[in-house]
Amino acid sequence: MTALGFLYPGHSAEDDYPRIEQLLGSDVRVELVHTDIGEDAHRVDALLEMGSAGRLAAGVQELRHAGADAVVWACTSGSFVYGWDGAQDQVRALAQTAGMPASSTSFAFAHAVRELGARRVAVGATYPEDVARLFAEFLRSAGVEVVSVSSSGIITAAEVGTWGEDELLALARNSDHPDAEALLLPDTALHTAAHIPALEKELGKPVLTANQVTVWEALRLADRRVNAPELGALFTREPIVQV
């Protein structure tokens, strides 16, 4: 049994995680702890506070007691807002506190793009424009060419969590770019786990979504590869462990 630990900010799209667990198979367990987000705002100062060491440390003990093999801070904006070096410091501190391998959704995106062999990506962000630009800068620090960035200008995760398939597909269509080899949808407050095959069929290319790559990153840290095509092209890469 592989136990994957996640620190998830607040309550928006956390139901993606049990859905993903079902698709991964019976020998993978998902353990999710909610962190206190403070102010729900896609604003730089609020995001820095949301991802502070103290807020993350508060949930670690519960994951240790659950026997987690790795922990991922399941928040994109609350990690890339620190910049590349600051986000590394964030996960380094988390690993030390937790006593297990750690990462964040921002690094999950960087690693997943590399896993797909993609060089050029488009970004469809729910965030305000200034925050979306910070994600693009983070990706460029990882050596990824960002060919376009779209912003929906939404301030709160609570609002993003109300979006359904229609809004999600519209975001994907409006954010794609013909030169992009993959589309990235970076908000963990966005429900995507049930819609990845439809997104990839619509665009004809891999689509990376925040909760999807977060779980993939935890599997990577735990040295597991799972073949789960319903979670998109990212989960059909070799080498695989058949479910």
Side-chain angles (χ1 to χ4, degrees), residues 3-24 28-66 68 70-82 87 90-91 94 97-98 102-109 124-128 131-132 135 152-168 171 184-196 208-218 231:
L4 309 177
F6 302 96
L7 297 173
Y8 186 90
H11 298 266
S12 295
E14 66 270 24
D15 46 330
D16 266 6
Y17 288 83
R19 180 184 291 273
I20 293 172
E21 181 184 61
Q22 288 183 324
L23 296 173
L24 292 178
V28 176
R29 189 174 81 249
V30 168
E31 300 288 345
L32 187 143
V33 173
H34 296 276
T35 65
D36 177 13
I37 65 172
E39 182 182 1
D40 181 11
H42 288 143
R43 203 179 62 241
V44 171
D45 62 330
L47 293 169
L48 289 169
E49 175 58 29
M50 185 189 302
S52 63
R55 289 186 186 273
L56 300 191
V60 162
Q61 179 134 355
E62 189 174 340
L63 291 178
R64 279 205 305 263
H65 288 163
V71 57
V72 181
W73 166 224
C75 184
T76 326
S77 56
S79 46
F80 69 69
V81 74
Y82 285 85
Q90 182 187 56
V91 296
L94 179 58
T97 302
S103 188
S104 68
T105 305
S106 292
F107 287 115
F109 272 110
T126 55
Y127 320 126
V131 176
F135 182 53
S152 298
I154 298 178
I155 296 296
T156 68
E159 182 178 349
V160 175
T162 67
W163 278 23
E165 185 176 27
D166 289 344
E167 293 91 345
L168 180 63
L171 174 66
L184 279 53
L185 304 178
D187 199 339
T188 58
L190 193 61
H191 288 90
T192 60
H195 309 299
I196 296 170
L208 298 178
T209 73
N211 293 323
Q212 169 215 37
V213 301
T214 298
V215 175
W216 178 85
E217 179 78 344
L231 289 172

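Values below: every heavy atom of this structure, side chains too, minus hydrogens, waters and symmetry copies.
The closest donor-acceptor contact from the side chain of Asp187 to the backbone of Val160 lies at 3.5 Å or more, if one exists at all. Of the possible donor and acceptor atoms, one in the side chain of Glu167 sits under 3.5 Å from a partner among the backbone N and O of Gly164. His34 places a side-chain N or O within 3.5 Å of a backbone atom of Gly10 that can act as its donor or acceptor partner. Under a 3.5 Å cut-off, the side chain of Asp16 and the backbone N or O of Thr192 do form a donor-acceptor pair. Of the possible polar contacts, one joining the Tyr82 side chain to the Leu48 backbone as a donor-acceptor pair under 3.5 Å is found. No donor-acceptor pair closer than 3.5 Å links the side chain of Gln61 to the backbone N or O of Gly59. Distance alone, capped at 3.5 Å, places no donor-acceptor pair between the Arg19 side chain and the Ala193 backbone. Without hydrogens or angle criteria, Arg55 side chain to Thr35 main chain gives no donor-acceptor distance under 3.5 Å.
Side-chain rings of Tyr8 and Tyr17 approach one another, their centers coming within less than 6.0 Å. Two rings, from Phe80 and Phe109, have their centers 6.0 Å or more apart.
Contact between Ala98 and Arg64 at its shortest, heavy atoms only, is O-CD, 3.3 Å. Across all their heavy atoms, Glu49 and Ser52 have their closest contact at O-OG, 2.9 Å. Residue Pro9 comes nearest to Cys75 through the heavy atom pair CG-CB, 3.8 Å, listed as atom of the first residue, atom of the second, then distance. Looking at every heavy atom in both residues, Ala132 comes nearest to Ala125 through CB-CB, 3.7 Å.
At least one side-chain heavy atom of Leu94 sits less than 4.5 Å from a side-chain heavy atom of Val60. Here the side chains of Phe6 and Val33 are not in contact, with every heavy-atom distance at 4.5 Å or above. The shortest side-chain heavy-atom distance between Leu4 and Val215 falls under the 4.5 Å cut-off. Between Trp73 and Thr105 there is no side-chain heavy-atom pair separated by less than 4.5 Å. In this structure, Phe107 and Val72 have side chains that are not in contact, with every pair of non-hydrogen atoms separated by 4.5 Å or more.
In this structure, a donor-acceptor pair under 3.5 Å is absent between the side chains of Asn211 and Thr188. A donor atom on one side chain and an acceptor atom on the other are found under 3.5 Å apart for His191 and Asp15. Counting only N and O atoms by type, the side chains of Ser106 and Ser79 include a donor and acceptor under 3.5 Å apart.
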- Message: Show, in sequence, the C-alpha distance, side-chain angles and deciding distance for Gln90 and Leu56, and conclude whether the side chain to side chain contact (heavy atoms under 4.5 Å, CB included) test is met.
- Response: CA-CA 9 Å; Gln90 182 187 56; Leu56 300 191; 4.1 Å; yes
- Step-by-step salt bridge (charged side-chain N to carboxylate O under 4.0 Å, His left out) determination, Arg29 to Glu21: CA-CA 6 Å; Arg29 189 174 81 249; Glu21 181 184 61; over 6 Å; no
- Task: I would like to know whether Thr209 and Leu190 meet side chain to side chain contact (heavy atoms under 4.5 Å, CB included); could you show each step before the answer?
- Result: CA-CA 8 Å; Thr209 73; Leu190 193 61; over 6 Å; no
- Message: The test is side chain to side chain contact (heavy atoms under 4.5 Å, CB included); show your working for Trp163 and Leu171 and say whether it passes.
- Response: CA-CA 10 Å; Trp163 278 23; Leu171 174 66; 4.0 Å; yes
- Is there a side chain to side chain contact (heavy atoms under 4.5 Å, CB included) between Leu184 and Phe135 once you walk through the steps? CA-CA 10 Å; Leu184 279 53; Phe135 182 53; 4.2 Å; yes
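Expressed to the nearest 0.5 Å, how far NE2 of His195 lies from CG of Leu168 amounts to 6.0 Å. One distance of note links CG of Asp40 with CD of Glu159; it measures 10.0 Å at 0.5 Å rounding. Atoms CZ and OG1, on Arg43 and Thr156 in that order, are 12.0 Å from each other to the nearest 0.5 Å. Here the OG atom belonging to Ser77 is positioned 4.5 Å from the NE2 atom belonging to His42, to the nearest 0.5 angstrom.
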